[in-house]
Undergrad: 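Would you mind keeping the following structure in view while I ask a few things?
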There are 2 protein chains.
Amino acid sequence: MTETERTGLIIVNTGNGKGKTTAALGTALRAVGTKFKVFMVQFIKGSWDYGELHVAERLAPYFEIKPMGEGFTWETKDKKRDTEVATKAWEFCKKLIDANEHDLLIFDELNNAMDYGYVDVDDVVNALKNKPKEVHIILTGRNAPQKIIDIAHLVTEMREIKHPFNQGIYAQRGIEF
Amino acid sequence: MTETERTGLIIVNTGNGKGKTTAALGTALRAVGTKFKVFMVQFIKGSWDYGELHVAERLAPYFEIKPMGEGFTWETKDKKRDTEVATKAWEFCKKLIDANEHDLLIFDELNNAMDYGYVDVDDVVNALKNKPKEVHIILTGRNAPQKIIDIAHLVTEMREIKHPFNQGIYAQRGIEF
């Protein structure tokens with residue numbers, strides 16, 4: 001191995017703090033700066049008007065975001081529907097991996113989908129183990145399963161030390177959503 | 001206070017893990033998507049050819065990055081020179097705060113500069129306490145001083161759980177730098 005050899009990393013951003021998805025977006029920004037092609041699949045944040053959806057257009061054609069979830073469906077406790085939505089999103093992710101057309105894939109909140117039992121952990125492990133060698137993949141979300149951490153190269157836990165909501169401050173547009 | 005009231009947050013990304021600067025970049029991307037004006041001052045990464053510098057041009061005029069450090073000067077152990085560089089960068093930051101021309105300011109690695117004693121913590125606390133009300137400010141870097149954490153609204157610790165270097169994998173261009 002040389003210093004310049006490219007190894008597609010499996011990266012996990014987990015923990016109860018902020019910054020899991022945001023750090024993935026930052027990595028996307030950096031990757032686009034290197035002319036990498038980036039695709040982000042959002043498992044949850046479907047129907048919301050996020051700033052990142054607007055800005056993605058400015059980074060085209062290097063950066064694409066596809067929201068697969070339909071809003072915060074996982075709060076509906078409709079397990080059948082949520083499993084269907086998550087399964088559909090995961091099947092799409094597998095196609096992206098196999099297509100090998102991107103340098104960086106981001107599966108946003110997939111950790112939660114596995115944690116809730118909506119997506120099979122072993123199926124994800126299998127897909128990650130057999131990914132094209134040079135493709136980087138980031139998985140975000142709380143409670144990343146141990147089997148995922150075991151095969152990942154880079155795992156970071158974002159820990160909440162202090163949160164503005166506990167100081168009576170509502171989420172700030174443009175910053176937190 | 002209403003849900004729509006804007007409160008400029010003081011945000012701290014600290015810890016020994018990845019994602020402190022990257023999450024700040026992601027927040028910048030999101031903020032730009034909301035038509036926020038963002039300015040990032042880099043205290044360390046001066047002379048390097050980072051992907052984020054290239055992509056910043058694509059987000060102009062909403063996003064500007066100004067590298068103030070001259071490479072990894074803090075590894076030179078030349079305390080006099082490092083203090084001069086850090087002081088110059090911090091004086092520039094104070095002017096940015098007072099100018100009140102941006103929605104989000106990012107002072108990248110300022111935590112380290114304070115931790116090393118190159119920038120006075122009380123001076124930073126004073127500047128943050130007296131910032132324009134609506135301006136959001138993010139401070140990144142390891143070892144954020146307690147006095148900074150005390151006045152911050154949102155503090156996240158990025159903890160390293162697993163790092164590719166420990167698995168014999170070198171830093172990956174486009175992803176880690």
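FYI, side chains are in, hydrogens and waters are out, and symmetry mates aren't considered; it's all heavy atoms of this structure. Chain letters run A, B, ... following the sequence lines, proteins first, then strands; residues in each count from 1.
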Undergrad: With no hydrogens and no angle check, is any side-chain donor or acceptor of A:K18 less than 3.5 Å from a backbone partner on B:V155?
TA: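 No; zero donor-acceptor contacts below 3.5 Å.
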Undergrad: Out of A:A152, A:G19, A:G8, which one racks up the most heavy-atom pairs below 4.5 Å with chain B?
TA: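 Looking at each option in turn, the highest pair count goes to A:A152.
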Undergrad: Show the nearest heavy-atom pair for residues A:R159 and B:R159, with the distance to one decimal.
TA: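 Looking at all heavy atoms of both residues, the shortest contact is CD-CD, 3.2 Å.
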Undergrad: Can you tell me how far apart OG1 (B:T27) and CG (A:L29) are? Round to the nearest 0.5 Å.
TA: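 So the gap between those two atoms works out to 11.0 Å.
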Undergrad: Is the count of non-hydrogen atoms from other residues, nucleotides or ligands lying under 6.0 Å from A:K35 atom NZ greater than 12?
TA: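 Result for NZ/A:K35: open.
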Undergrad: Working to the nearest 0.5 Å, report the span between CD of A:E157 and CD of B:E157.
TA: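 Rounded to the nearest 0.5 Å, the CD-CD separation comes out at 7.5 Å.
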Undergrad: Determine whether A:V32 and A:I11 fall in the same hydrophobic cluster, where Ile, Leu, Val, Met, Phe, Trp and Tyr are linked whenever their side-chain heavy atoms lie under 4.5 Å apart.
TA: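 Yes, because A:V32 and A:I11 connect within a single hydrophobic cluster, where side-chain heavy atoms sit under 4.5 Å apart.
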Undergrad: Check each atom of B:L154 against the heavy atoms of chain A and say whether the ones under 4.5 Å are side chain, backbone, both or neither.
TA: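 The answer is both parts of B:L154.
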Undergrad: Could you look at A:L59 and say if it's the side chain, the backbone, both or neither that has a heavy atom under 4.5 Å from chain B?
TA: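 Both backbone and side chain.
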Undergrad: Can you tell me which portion of B:H136 sits under 4.5 Å from chain A's heavy atoms? Options are side chain, backbone, both or neither.
TA: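 Side chain only.
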Undergrad: Answer yes if A:L105 and A:V125 sit in the same cluster of Ile, Leu, Val, Met, Phe, Trp and Tyr residues linked by side chain heavy atoms under 4.5 Å apart, and no otherwise.
TA: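 Yes; tracing contacts between hydrophobic side chains, which count when under 4.5 Å, links both residues.
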Undergrad: Relative to chain B, which of A:G17, A:A28, A:A23 shows the most heavy atom pairs under 4.5 Å?
TA: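 Highest number of heavy-atom pairs under 4.5 Å: A:A23.
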Undergrad: Can you tell me if A:K162 uses its side chain to pair, donor with acceptor, with the backbone of B:T156 under 3.5 Å?
TA: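 A pair under 3.5 Å: no.
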Undergrad: Going from CD on A:Q167 to OG1 on B:T7, what distance comes out if it is rounded to the nearest 0.5 angstrom?
TA: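 Result: 10.5 Å between the selected atoms.
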Undergrad: Rounded to the nearest 0.5 Å, what's the gap from CZ on B:R58 to CZ on A:F63? Could you check?
TA: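 Between atom CZ of B:R58 and atom CZ of A:F63 there are 12.0 Å.
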Undergrad: Would you name the heavy atoms of B:R6 and A:Q172 that are closest together and state the gap between them?
TA: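 Smallest interatomic distance, heavy atoms only, reads CA-OE1, 3.3 Å.
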Undergrad: Measure distances from A:L9 to the heavy atoms of chain B and classify the residue's part below 4.5 Å as side chain, backbone, both or neither.
TA: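 Contact with chain B is through the side chain of A:L9 alone.
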Undergrad: Is chain A contacted by the side chain of B:Y62, its backbone, both, or neither, given a heavy-atom distance below 4.5 Å?
TA: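 B:Y62 touches chain A through side-chain heavy atoms alone.
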Undergrad: Would you say B:V121 ends up clustered with B:F92 if hydrophobic residues are merged whenever their side chains have heavy atoms under 4.5 Å apart, either directly or through other cluster members?
TA: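 In one cluster with B:F92: B:V121, yes.
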Undergrad: Would you mind checking which part of B:L104 comes under 4.5 Å of any heavy atom in chain A, side chain (CB onward), backbone (N, CA, C, O), both or neither?
TA: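 Just its side chain gets close to chain A.
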Undergrad: Would B:I97 end up clustered with B:V124 when hydrophobic side chains under 4.5 Å apart are linked, directly or stepwise?
TA: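 Looking at the clustering, B:V124 is in the same group as B:I97.
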Undergrad: Would you compute the distance between atom CD1 of A:I138 and atom CD1 of B:I175 and round it to the nearest 0.5 angstrom?
TA: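 It comes to 6.0 Å.
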Undergrad: Assigning hydrophobic clusters by single linkage (Ile, Leu, Val, Met, Phe, Trp, Tyr; side-chain heavy-atom cutoff under 4.5 Å), is A:I65 placed with B:L25?
TA: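 Cluster IDs for A:I65 and B:L25 match.
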